[in-house]
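What follows is a short report on a single structure.
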Amino acid sequence: MTAIGAQAQRLLAHRRPQKAFFETFIRSLIILCVAIAVVLSSISVCDGRWLLARGELFGLWHFCAIGNDSAPRCVTDLRLARVEGLSVGMILIRSMVSSAVAVAIFGLELLMVSQVCEDASSRRKWSMGSVLILGSFLLSATGVLSFLILMKDHLTFTGFTLTYWCEFIAAFLFFLNGISGLHINSITQPRNGAGKI
């Protein structure tokens with residue numbers, strides 16, 4: 001056997017088996033859905049207008065009074081809204097939902113890197129990314145629930161704005177994709193295994 005033939009044999013022997021199409025497709029869908037959740041959550045945090053009640057618009061960053069004949073008057077001093085604990089509560093809620101976006105971006109990065117640069121630690125990167133996405137869910141859901149508790153006297157189902165629902169859906173997507181990412185990693189064989197799903 002020639003030297004080139006021996007090298008080719010070694011390369012073929014060390015080549016990893018190809019991933020099944022179904023596994024690649026599911027992992028790609030998880031990455032896509034996490035990216036959508038990050039965009040929804042980012043829009044919700046940046047806009048921040050979450051509740052319209054009794055001619056007042058409550059947001060993460062400002063409070064607006066809406067009159068019938070004039071443009072909305074918005075202020076960043078949330079104490080003017082006359083809701084007990086709103087100023088301090090919104091600082092915590094803003095911190096939680098903003099942190100959720102940041103953590104989700106790092107989780108998404110790990111998910112993508114684990115698929116693009118397949119090496120011995122790809123499965124570990126995927127698991128860490130999925131755990132970060134679950135952490136984003138916890139932060140985001142805590143922010144959404146804290147907002148509900150803080151604004152309990154002003155809540156109406158039709159008063160929630162589109163940006164509030166964006167954050168709600170993003171939290172739901174973070175949960176589904178974090179759990180799905182951990183699950184698919186647990187049911188698929190290691191890259192050097194012989195079996196496939």
Side-chain angles (χ1 to χ4, degrees), residues 28-67 70-113 115-116 128-181:
S28 299
L29 279 181
I30 289 170
I31 290 171
L32 176 65
C33 289
V34 169
I36 291 170
V38 167
V39 169
L40 287 175
S41 189
S42 298
I43 290 170
S44 179
V45 169
C46 289
D47 180 66
R49 298 179 182 109
W50 280 13
L51 182 67
L52 178 63
R54 302 183 197 122
E56 298 173 328
L57 186 61
F58 297 95
L60 298 177
W61 309 100
H62 49 263
F63 163 75
C64 298
I66 301 172
S70 64
R73 294 180 314 278
C74 297
V75 293
T76 56
D77 186 3
L78 297 177
R79 290 173 291 189
L80 298 176
R82 297 178 310 279
V83 175
E84 186 180 347
L86 184 66
S87 183
V88 174
M90 283 302 178
I91 292 171
L92 296 174
I93 293 168
R94 281 193 302 252
S95 300
M96 283 186 276
V97 293
S98 299
S99 299
V101 173
V103 170
I105 289 170
F106 286 118
L108 179 61
E109 182 180 352
L110 280 171
L111 294 180
M112 290 190 304
V113 166
Q115 294 306 292
V116 174
M128 288 188 329
S130 297
V131 168
L132 286 177
I133 298 302
L134 281 177
S136 295
F137 158 71
L138 290 175
L139 288 167
S140 182
T142 304
V144 167
L145 291 175
S146 299
F147 183 81
L148 293 178
I149 292 167
L150 190 62
M151 302 302 299
K152 63 184 179 296
D153 296 333
H154 298 273
L155 293 181
T156 60
F157 185 72
T158 57
F160 292 116
T161 64
L162 187 59
T163 54
Y164 173 83
W165 291 114
C166 283
E167 187 64 33
F168 184 85
I169 291 169
F172 183 66
L173 286 174
F174 287 145
F175 173 73
L176 284 181
N177 291 295
I179 291 293
S180 300

Considering only heavy atoms from C-beta outward, does the side chain of [X] approach that of [Y] to under 4.5 Å?
X: Ser28; Y: Leu32; answer: no
X: Leu132; Y: Phe174; answer: no
X: Leu145; Y: Leu148; answer: yes
X: Leu86; Y: Met151; answer: yes

[atom1]/[X] to [atom2]/[Y] distance, rounded to the nearest 0.5 angstrom?
X: Leu52; Y: Thr158; atom1: CG; atom2: OG1; answer: 8.5 Å
X: Ile43; Y: Leu162; atom1: CD1; atom2: CG; answer: 9.0 Å
X: Cys33; Y: Ile133; atom1: SG; atom2: CD1; answer: 11.5 Å
X: Cys166; Y: Asp47; atom1: SG; atom2: CG; answer: 9.0 Å

Practice prompt. Quick one: do Phe147 and Tyr164 satisfy side chain to side chain contact (heavy atoms under 4.5 Å, CB included)? Show the steps, please.
Written response: CA-CA 10 Å; Phe147 183 81; Tyr164 173 83; 4.1 Å; yes
Worksheet item: With under 30° as parallel and over 60° as perpendicular, where do the rings of Trp165 and Phe160 fit, or are they tilted in between?
Response: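 Correct class here is perpendicular.
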Reference residue [X]; test side chain to side chain contact (heavy atoms under 4.5 Å, CB included); the match among [options]:
X: Leu51; options: Thr163, Leu155, Thr161; answer: Leu155
X: Leu139; options: Val101, Val144, Val103, Leu134; answer: Val103
X: Asn177; options: Leu111, Leu108, Ile30; answer: Ile30

For the student: nearest non-hydrogen atoms of [X] and [Y], plus distance:
X: Ser180; Y: Leu176; answer: OG-O, 2.6 Å
X: Trp50; Y: Ile93; answer: CZ3-CG2, 4.4 Å
X: Ala37; Y: Leu173; answer: CB-CB, 3.7 Å
X: Met90; Y: Leu150; answer: N-CD2, 4.1 Å
X: Ser136; Y: Ala100; answer: OG-O, 3.0 Å
X: Glu167; Y: Ser140; answer: OE2-OG, 2.5 Å

Discussion item. Show, in sequence, the C-alpha distance, side-chain angles and deciding distance for Ile179 and Phe137, and conclude whether the side chain to side chain contact (heavy atoms under 4.5 Å, CB included) test is met.
Written reply: CA-CA 10 Å; Ile179 291 293; Phe137 158 71; over 6 Å; no
Discussion item. Taking Ile91's backbone N and O only, do any of them form a donor-acceptor pair with Ser95's side chain (distance below 3.5 Å, no angle check)?
Written reply: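 Yes, the answer is positive, given that a donor and an acceptor are paired below the 3.5 Å cut-off.
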Worksheet item: Would a distance-only check, ignoring hydrogens and angles, find a side-chain to backbone donor-acceptor pair under 3.5 Å from Trp61 to Val45?
Response: yes
